[in-house]
Number of protein chains: 2
Amino acid sequence: MNVDETAPQKGTVTQRAIERIKAMIAEGRLEPGQRLPTERDLAAQLGISRSSMREAIRALTVLGVLEARHGSGIFVTQLEAGDLLETFGVVADLSRGPRLVELLEVRRILESTATALAAARITPDQLAEVEKHLTAMNATEDPEEILAHDLAFHREIAAAAGNDTMAAILEGLSSRTFRARVWRGYQEEGAFTRTRREHAAIHRALVARDPEAARAAAAAHVGEVEEWLRAQIGG
Amino acid sequence: MNVDETAPQKGTVTQRAIERIKAMIAEGRLEPGQRLPTERDLAAQLGISRSSMREAIRALTVLGVLEARHGSGIFVTQLEAGDLLETFGVVADLSRGPRLVELLEVRRILESTATALAAARITPDQLAEVEKHLTAMNATEDPEEILAHDLAFHREIAAAAGNDTMAAILEGLSSRTFRARVWRGYQEEGAFTRTRREHAAIHRALVARDPEAARAAAAAHVGEVEEWLRAQIGG
DNA sequence: GAGACCGTATTGGTCGGACCACCTCGCTGG
DNA sequence: CCAGCGAGGTGGTCCGACCAATACGGTCTC
């Protein structure tokens, strides 16, 4: 029935199905947003059971490549940075000990560069948005709210840097649980004041459109947490 | 039967199972390398069918969190950077157009920093390994072989930087298919000579243990490709 | 004629069971 | 003591059925 030449057995049937679909997208035979055949049809086309095909679809779903809508069908995502790099947050959530420091180091490198780029490129609208979160952050004592505005503050800056991929990675590195875990201890040491001062410094650099100052301020900001965490683990 | 308080319906049953297992690992109830109960037992514990549980396991498998060994059982991976960031290569494989440039920009930022760190930290053994690949790269005209040694060259340097997470990300950004796709065109324009010169410059900076020179050389190296790709897309 | 309503077909989601392929480990026999 | 074998356990695959959400068409009402 199946005359495919490229079908020697390598790995599991499901794994092959995953590769097949991935290849279809990579080759452009499946465009972003396009709808796929039904699970039943896809399974029939590849000559496998619906169960195996469902596992393949589920795998590509968690990778952010496909999106299944109950009752409607299966669709290729827009394949935007946000879709594909969502899994990056999983890494942050499951990391601990020394790897948390490594992740913060990566974040420091990317965030400082992103902030520098933002200083040169940020628009007035975006800057106003940044200021909004800065003000809100300083107007409350509720840790939850502070954290939310802190996240949004950096998210806006990352977006202003103009590199969606970088912004998506930074989003993963600052994901809610990751930040909450590290910051719980950090902020308990009365780091609120220092954090606010650092945020203010970043904001000043953005207003001044000074990339080097922005880079330094952002690096110092993340570096503070990094140093603290390093000490926590070391001792 | 099930007296779980944390079991309101959110999302699909499979999705909930994924979260449950992820939570177990995040909370430390499942250690790296540890074996999980059988699929049948796990399904029974969460009160779902084996099919749904298999989808959940498959999802966590592709994320690099779990590893299923036919006939043996399901195990938690070592949760090392390499395991979890393997999926990063998928992003690179499925990206095209402008996003490729963005990915190269991220790579340039990280690779230049990693190379700078390596200049300060690289050991004689590691340096010898780097030189081995540099020599081999210059001793052949076979594109396949050049690419392989090119990859190994940068991989060694990234490893010498001492941040496994960064190395894993760079590995994903330099994955075979990604490089092959971009470099095919780039090298066809006779970029061999320039590439060799750039690699030599990076090597010299490492030998001299000069981080700033290393950073500049690496940034220029990746930047060359980045510029070329930008031009390709723009026109 | 336009719009709200409803029923049916389609499609993903879940379930249970059956069988196969592979690995492990203890038993057996030399 | 060890090599070989065999049974049991485990993941891999398949099938068929049913549930639940959606999309679409026709019908009814105003």
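As the structure is a prediction and not an experimental result, all values here were calculated from the model. Reminder, nothing fancy here: chain letters follow the sequence lines and each chain counts from 1.
If you measure from atom CD of E39(A) to atom P of dC15(D), you get 15 Å, rounded to the nearest angstrom. Following rounding to the nearest Å, E67(B) (CD) and dG12(D) (C1') show an atom-to-atom distance of 16 Å. One can place CD of E55(B) at 14 Å from C1' of dT13(D), the figure rounded to the nearest angstrom. Distance R54(A) CZ to dC14(D) P: 15 Å, rounded to the nearest Å. The interatomic distance linking R35(A) (CZ) with dG12(C) (C1') rounds to 10 Å, in whole Å. Residue L42(A) contributes atom CG, which lies 12 Å from atom C1' of dG12(C) at whole-angstrom precision. In this entry the distance linking CD1 of I74(A) with P of dA21(D) reads 18 Å, nearest Å. Residue H70(A) contributes atom NE2, which lies 11 Å from atom C1' of dT10(C) at whole-angstrom precision.
Backbone-only engagement by R69(B) is indicated by non-hydrogen atom pairs under 4.0 Å involving sugar-phosphate atoms exclusively. Looking at heavy-atom distances under 4.0 Å, I57(A) makes no contact with the nucleic acid at all. Residue I48(A) is in sugar-phosphate contact alone, with no base atom involved, counting any heavy-atom pair closer than 4.0 Å across all strands shown. Using a 4.0 Å heavy-atom distance criterion, S51(B) is classed as a base contact.
If you look at H154(B) and H199(B), their ring centroids are closer than 6.0 Å.
Taking the six-membered ring where the residue is Trp, H221(B) and W183(B) present perpendicular rings, their angle passing 60° and hence far from 30°.
In the interface, the side chain of R40(A) is paired with the base of dG12(C) through a donor and an acceptor atom under 3.5 Å apart.
For V13(A), the side-chain atoms get nearest to dT13(D) when compared with the rest of dG11(D), dG12(C), dT13(D).
Of the possible donor and acceptor atoms, none in the side chain of E129(B) sits under 3.5 Å from a partner among the backbone N and O of Q126(B).
Side-chain contact of E156(B) with H133(B): a donor-acceptor pair under 3.5 Å is absent, judged by distance alone.
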Which side-chain N or O atoms in residues 63-71 of chain B pair as donor and acceptor under 3.5 Å with protein atoms at least two apart or in another chain?
none

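Residue S52(A) places at least one side-chain N or O under 4.0 Å from the OP1 or OP2 atom of dC14(D). Between R58(B) and the phosphate of dT13(D), there is a side-chain N or O to OP1/OP2 separation shorter than 4.0 Å. Within the 4.0 Å cut-off from OP1 or OP2 of dG11(D), not a single side-chain nitrogen or oxygen of R50(B) is found. Taking only side-chain nitrogens and oxygens, S72(A) comes nearer than 4.0 Å to OP1 or OP2 of dA23(D). Contact between the side-chain N/O atoms of T14(B) and the OP1/OP2 oxygens of dT14(C) is found at a separation under 4.0 Å.
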